[in-house]
Amino acid sequence: MAAAAVFSGSTAFAGGSPWLPAPGGGSVNISLVSQNAGDFYLAAEKMPTPGGGATLAQQTVWLDGVYGLSDAVSLDFRVGGARSDFITGEGIPTPRENFTGLADFNAGVVWRVADEVTSGLPSIAFRAGAIFAGDYRTGYINSLGDGGNGVELSAMAGKFVADRVALSGELGYRYRNNGIPSDIFGRFSAGVLLGGGVGLSLNYEAVNASASGLDIGGPGFSPDRFPELQEDIQLLGASVTFPMSERTTIGLSYASVIDGRNTAAARIIGVSFGYSF
C-alpha cells in the first residue's frame, strides 16, 4: 500500500501513522516550515501582537524518518533546527528578540494491531514517543519551545474508504516536566490520490492543554513562566504531494490557526522533499 505514504503526514502536521512501511523499508523527509503571526490569543481573546503591530516569525528545518522493524512495528524520529524573530512594527528585529537553536527531538515506536488489508478492520496502531527538549532559551513570547522533556502516547486508525480515498486520525496524551501543562491532542486527515500519483489531503489538528495552566496576563503570570501557559490550538490546512520519481516526492502545505488560547494566530507554509527505501 505505497499510496498510504501520501496521507501519512505533511510539513505542517506531524504525527504518527497507522500505515507502516514494509520490514526493512522506510522513508526520510526534510522540510522547511515558515510561520508568521501578526495576532495572538490573550487567553481566549484574539488581538494584535504587542509591540506596535509586531510580527512573530519562525523558520524551522525538520528532518524526520520512519523505519519498519517488522510487519507490525516501526520506529520514527523527528529533529530540527529553528530561528525565531520578534519583528517590531517598523520591521526591525533586534538581537534580544531573535533566537536560534535545536527544536525538541521526538522519537517513537509504533505497534500496529490491525491491518485493513488482512483483517477487514481499519488499520489500527498505538504509538509511544519520547520528547527531549532542544537547546533554546525559554521565557519569551517567541521562544522556540517550552523546554521540557516528556512522553506521549497515542492511538491511530486509518482506512482506504475507496481505491483512492483515505481517512485517518490520531488521539493522544502528552506529558512534559518543568511545570508544562499536559496535553490532549488529536489529528484528522482526509486524502485523495489523483492521477499521476499526485495526492491531496485536508488536515485538522487540535491541542488542548490542562486547565491548570496559566493565562497570559492572568494571576501568577510573569514572562519567565511562558512554558506554564494553558496553550490550546486548532489548526486547519491542506497539503499536496507530487511524485518526482519512484522513490522521491515533493510536498507543499498550508495551515492556519483557526482558534486558540495563549498562542500565536499563525499562518504556516511548508515545503518538503521525501525519499523512500
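Computation of the quantities below employed the complete heavy-atom set of this structure, encompassing side-chain atoms and omitting hydrogens, waters and symmetry-equivalent molecules.
Following chains of ILVMFWY side-chain contacts shorter than 4.5 Å, one cannot reach Val79 starting from Ile131, and the two form parts of different hydrophobic clusters. Hydrophobic clustering, with ILVMFWY side chains joined whenever heavy atoms are under 4.5 angstrom apart, groups Val198 together with Met244. Under the 4.5 Å side-chain heavy-atom criterion for ILVMFWY residues, a single connected hydrophobic cluster contains both Trp111 and Val109. Under the 4.5 Å side-chain heavy-atom criterion for ILVMFWY residues, no single connected hydrophobic cluster contains both Val66 and Val73. Following chains of ILVMFWY side-chain contacts shorter than 4.5 Å, one cannot reach Val110 starting from Tyr67, and the two form parts of different hydrophobic clusters.
When all heavy atoms of Ala190 and Leu167 are compared, the pair lying nearest together is CB-CD2, 3.6 Å. The shortest non-hydrogen separation linking Ala54 to Thr49 is O-CB, 3.4 Å. What you find for Gly147 and Ala133 is that their closest heavy atoms are C-CB, 3.7 Å. Of all the heavy atoms in Asn262 and Gln230, the pair that sits closest is ND2-O, 2.9 Å. Taking all atoms of both residues into account, the shortest heavy-atom contact from Pro227 to Thr138 is CG-CB, 4.0 Å. Considering all non-hydrogen atoms of both residues, Ala264 and Leu56 come closest at CB-CD1, 4.0 Å.
No side-chain N or O of Tyr41 forms a donor-acceptor pair with one of Glu231 less than 3.5 Å apart. Judged purely by distance below 3.5 Å, without hydrogens or angles, the side chains of Ser182 and Ser210 never pair a donor atom with an acceptor atom.
Results of the side-chain contact (heavy atoms from CB on, under 4.5 Å) test with Arg127 over Ser17, Pro18, Ser74, Ser154 single out Ser154 as the only residue that passes.
Inter-residue side-chain proximity for Gln234 and Leu236 is flagged as unmet; no heavy-atom pair is nearer than 4.5 Å. Side-chain contact check for Asp183 versus Arg176: some heavy-atom pair is nearer than 4.5 Å. Between Leu69 and Pro23 there is no side-chain heavy-atom pair separated by less than 4.5 Å. Side-chain contact between Pro122 and Glu116 is absent, with no heavy-atom pair separated by less than 4.5 Å. Taking the side chain as every heavy atom from C-beta outward, Arg267 and Tyr254 approach each other to under 4.5 Å. At least one side-chain heavy atom of Arg247 sits under 4.5 Å from a side-chain heavy atom of Phe277.
Taken to the nearest 0.5 Å, the OG atom of Ser253 stands 9.0 Å off from the CD1 atom of Ile269. Residue Gln35 holds its CD atom at 13.5 Å from OG1 of Thr55, rounded to the nearest 0.5 Å.
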- request: Decide side chain to side chain contact (heavy atoms under 4.5 Å, CB included) for Asp146 and Asn178; before the verdict, give the C-alpha distance in whole Å, the side-chain angles of both, and the deciding distance to 0.1 Å.
  value: CA-CA 9 Å; Asp146 292 325; Asn178 294 339; over 6 Å; no
- prompt: Could you go step by step and tell me if Asn29 and Ser31 meet the side chain to side chain contact (heavy atoms under 4.5 Å, CB included) rule?
  reply: CA-CA 7 Å; Asn29 188 81; Ser31 57; 4.0 Å; yes
task: Test ring pair (Phe, Tyr, Trp, His ring centres under 6.0 Å) on Phe226 and Phe221 and set out the steps.
output: CA-CA 8 Å; Phe226 265 112; Phe221 174 77; 5.2 Å; yes
- request: Assess whether side chain to side chain donor-acceptor pair (under 3.5 Å) is satisfied between Ser239 and Ser201, documenting all intermediate values.
  value: CA-CA 5 Å; Ser239 64; Ser201 65; 2.5 Å; yes
field: Test side chain to side chain contact (heavy atoms under 4.5 Å, CB included) applied to Leu144 and Gln58, step by step
entry: CA-CA 8 Å; Leu144 300 179; Gln58 182 171 317; 3.9 Å; yes
message: Assess the residue pair Ser84 and Tyr140 against the criterion (side chain to side chain contact (heavy atoms under 4.5 Å, CB included)); give the C-alpha distance rounded to whole Å, side-chain angles, the decisive distance to 0.1 Å, and a yes or no.
response: CA-CA 11 Å; Ser84 176; Tyr140 296 87; over 6 Å; no
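Counting heavy atoms of neighbouring residues, nucleotides and ligands inside a 6.0 Å radius, atom CG of Asp163 does not exceed 12 of them.
Classification of Asp85 and Arg83 as a salt-bridged pair holds, one side-chain N sitting under 4.0 Å from a carboxylate O. Using a 4.0 Å cut-off between a side-chain N of Lys or Arg and a carboxylate O of Asp or Glu, Arg112 and Asp71 do not qualify as a salt bridge.
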